[in-house]
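What follows is a set of notes on a single structure, which appears directly below.
Just the heavy atoms: all of them, side chains too, but no hydrogens, waters or symmetry mates, feed the values below.
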Amino acid sequence: MRVSKAVCGWMAWLIIAGAACAQEWKPARNVDIVVASGAGGSSDRSARVVQKLLQANPVFPSVSVTNRPGGGGTVAFAFMSQHVGDPHFISTFSATMVTNYLLGVSKLHYSDFTPLSILLREYVLVAVRAESPIATGTDLLERLRKDPASVSFAFSSSPGNHNHVIIGMILKAAAADMKKARVIVQKSGGEAATAMLGGHIDVFVGAPANVTPHIQSGKARALGISAPQRQSGALAGYPTLKEQGMDAVFFSWRGFIGPKGLTAPQVAFWDQAFAKAIQGEEWKQDLAKNAWAEDFMSSAETRKHLDSEHELLSGMLADLGVIPEKR
């Protein structure tokens with residue numbers, strides 16, 4: 001049977017239009033951003049910044065934030081694992097997801113989810129209250145050399161995470177027995193900062209934004225930051241741990257995952273949504289306010305980063321004696 005050119009053209013248009021529709025996806029209802037820690041911490045702040053930026057995009061009916069703290073993120077990730085294939089749920093995540101698996105804290109691997117993005121990096125700040133007799137990073141090393149149990153550290157929110165790694169690096173620089181160290185895990189960076197300011201623990205280790213306002217007001221003092229060199233902006237004036245004799249250069253990254261089983265069109269939507277969200281001046285202002293550095297990665301790039309981070313952290317935690325060998 002012969003078919004006219006007009007009919008052929010019409011059929012081709014239908015095929016193309018159908019393919020285009022199949023390739024497109026957008027939220028049909030509220031998107032819930034699940035925060036893998038308590039309110040007030042760095043993950044919570046990054047989620048609420050992203051909530052604000054996504055809500056400015058008319059394609060979203062609405063965007064909410066739900067805190068599901070506990071188990072260093074395992075509670076939130078267990079919740080996410082119950083929503084396979086649903087792109088209306090996304091969750092904050094960081095290196096804790098990798099270290100939880102390496103430490104055996106969680107059986108959930110990053111391959112059990114859909115990596116969506118990494119948006120920023122954040123160096124770790126070590127700080128004490130203003131009245132502390134520990135005035136510098138060098139003072140801290142000396143105290144640890146004499147008696148590792150004489151100093152208490154607080155961090156959030158899971159053993160073996162990036163904050164804990166920095167504590168291990170500090171103890172290693174002091175040649176101190178890590179088993180004798182007093183390390184207290186808090187539910188959020190905000191709680192860790194409060195414990196330090198209240199004199200309940202000696203040293204805070206965590207996100208700079210949790211204590212920078214207190215440093216600026218004179219209530220706390222920065223001992224050092226885990227950057228390779230001194231920083232500008234909100235971190236200007238903070239000495240590095242490296243310049244004080246500690247081989248402690250490390251940073252946390254923060255981004256978002258979706259449940260396992262998201263389709264290519266759904267992943268493509270989130271790639272575009274995150275890329276658009278960080279283009280505005282408001283995002284740059286939030287970076288400066290929270291002492292963050294932009295480090296945007298798409299879904300594919302995030303997956304590659306997770307593979308390399310798994311290799312890096314497994315070796316680092318083994319070297320620090322936190323895990324017996326690479327897993």
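Residues V165 and V105 share a single hydrophobic cluster, defined by chaining ILVMFWY side chains whose heavy atoms lie under 4.5 Å apart. One hydrophobic cluster, built from ILVMFWY side chains closer than 4.5 Å, cannot hold both V249 and L223; they sit in different ones.
Residue I134 forms a side-chain contact (heavy atoms from CB on, under 4.5 Å) with just one option from R143, R129, E142, and that option is R143.
Applying the salt bridge (charged side-chain N to carboxylate O under 4.0 Å, His left out) test to residues at least two apart or on different chains, the pairs with a partner in residues 233-256 are E122-R254, R230-E243.
In this structure a side-chain-to-backbone donor-acceptor pair under 3.5 Å is present from T302 to I118. In this structure, the side chain of S226 does not engage the main chain of A248 through any donor-acceptor pair within 3.5 Å. Under the 3.5 Å distance criterion, the side-chain polar atoms of R45 are matched with a main-chain donor or acceptor of G40. Distance alone, capped at 3.5 Å, is enough to place a donor-acceptor pair between the R182 side chain and the A149 backbone. S152 places no side-chain N or O within 3.5 Å of a backbone atom of I201 that could act as its donor or acceptor partner. A donor-acceptor contact shorter than 3.5 Å links the side chain of Q266 to the backbone of T263. The closest donor-acceptor contact from the side chain of Q244 to the backbone of G137 lies under 3.5 Å.
At least one side-chain heavy atom of H310 sits under 4.5 Å from a side-chain heavy atom of L102. Within the 4.5 Å cutoff, the side chain of D112 has no heavy atoms near those of the Y101 side chain. Contact annotation: the side chain of I215 approaches that of L125 to within less than 4.5 Å [non-hydrogen atoms, C-beta and beyond]. Proximity of L197 to F204: side-chain heavy atoms (C-beta onward) are nowhere separated by under 4.5 Å. By the 4.5 Å heavy-atom criterion applied to side chains, F153 and N163 are not counted as neighbours. A heavy-atom distance below 4.5 Å is found between the side chains of P87 and W25. Taking the side chain as every heavy atom from C-beta outward, S117 and W270 never approach each other to under 4.5 Å. Using a 4.5 Å heavy-atom threshold, the side chains of V49 and W283 count as touching.
Under the salt bridge (charged side-chain N to carboxylate O under 4.0 Å, His left out) criterion, D139 pairs with no residue at all, not counting sequence neighbours. Applying the salt bridge (charged side-chain N to carboxylate O under 4.0 Å, His left out) criterion to K52, with sequence neighbours excluded, gives E282, D286. Under the salt bridge (charged side-chain N to carboxylate O under 4.0 Å, His left out) criterion, E301 pairs with no residue, sequence neighbours left out. With sequence neighbours left out, T194 forms a side-chain hydrogen bond (donor to acceptor under 3.5 Å, both in side chains) with no residue at all.
Between F89 and F79, a ring centre-to-centre spacing shorter than 6.0 Å is recorded. Proximity of the aromatic rings of H162 and F250 is defined here by a centroid distance below 6.0 angstrom, and this criterion is not met. Side-chain rings of H88 and H83 stay apart, their centers remaining 6.0 Å or farther from each other.
In terms of heavy-atom proximity, A222 sits nearest to Y238 at CB-CD2, 3.9 Å. Scanning both residues, A47 and V35, for their nearest heavy atoms gives CB-CG2, 3.5 Å. Residues N210 and A193 approach most closely at O-CB, 3.7 Å, considering heavy atoms. Contact record, A135 with R221: O-CD, 3.3 Å, taken as the closest heavy-atom pair.
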Donor-acceptor contacts, no H, no angles, side chain residues 59-73, under 3.5 Å, sequence neighbours left out:
residue	atom	partner	partner atom	Å
S62	OG	N30	OD1	2.8
S64	OG	N30	ND2	2.9
S64	OG	D32	OD1	3.1
T66	OG1	D32	OD1	2.9
T66	OG1	D32	OD2	3.2
N67	OD1	R48	NH2	3.0
N67	ND2	S37	O	3.1
N67	ND2	D44	OD1	3.0

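Shown here is K284, whose NZ atom has more than 12 heavy atoms of other residues, nucleotides or ligands within 6.0 Å.
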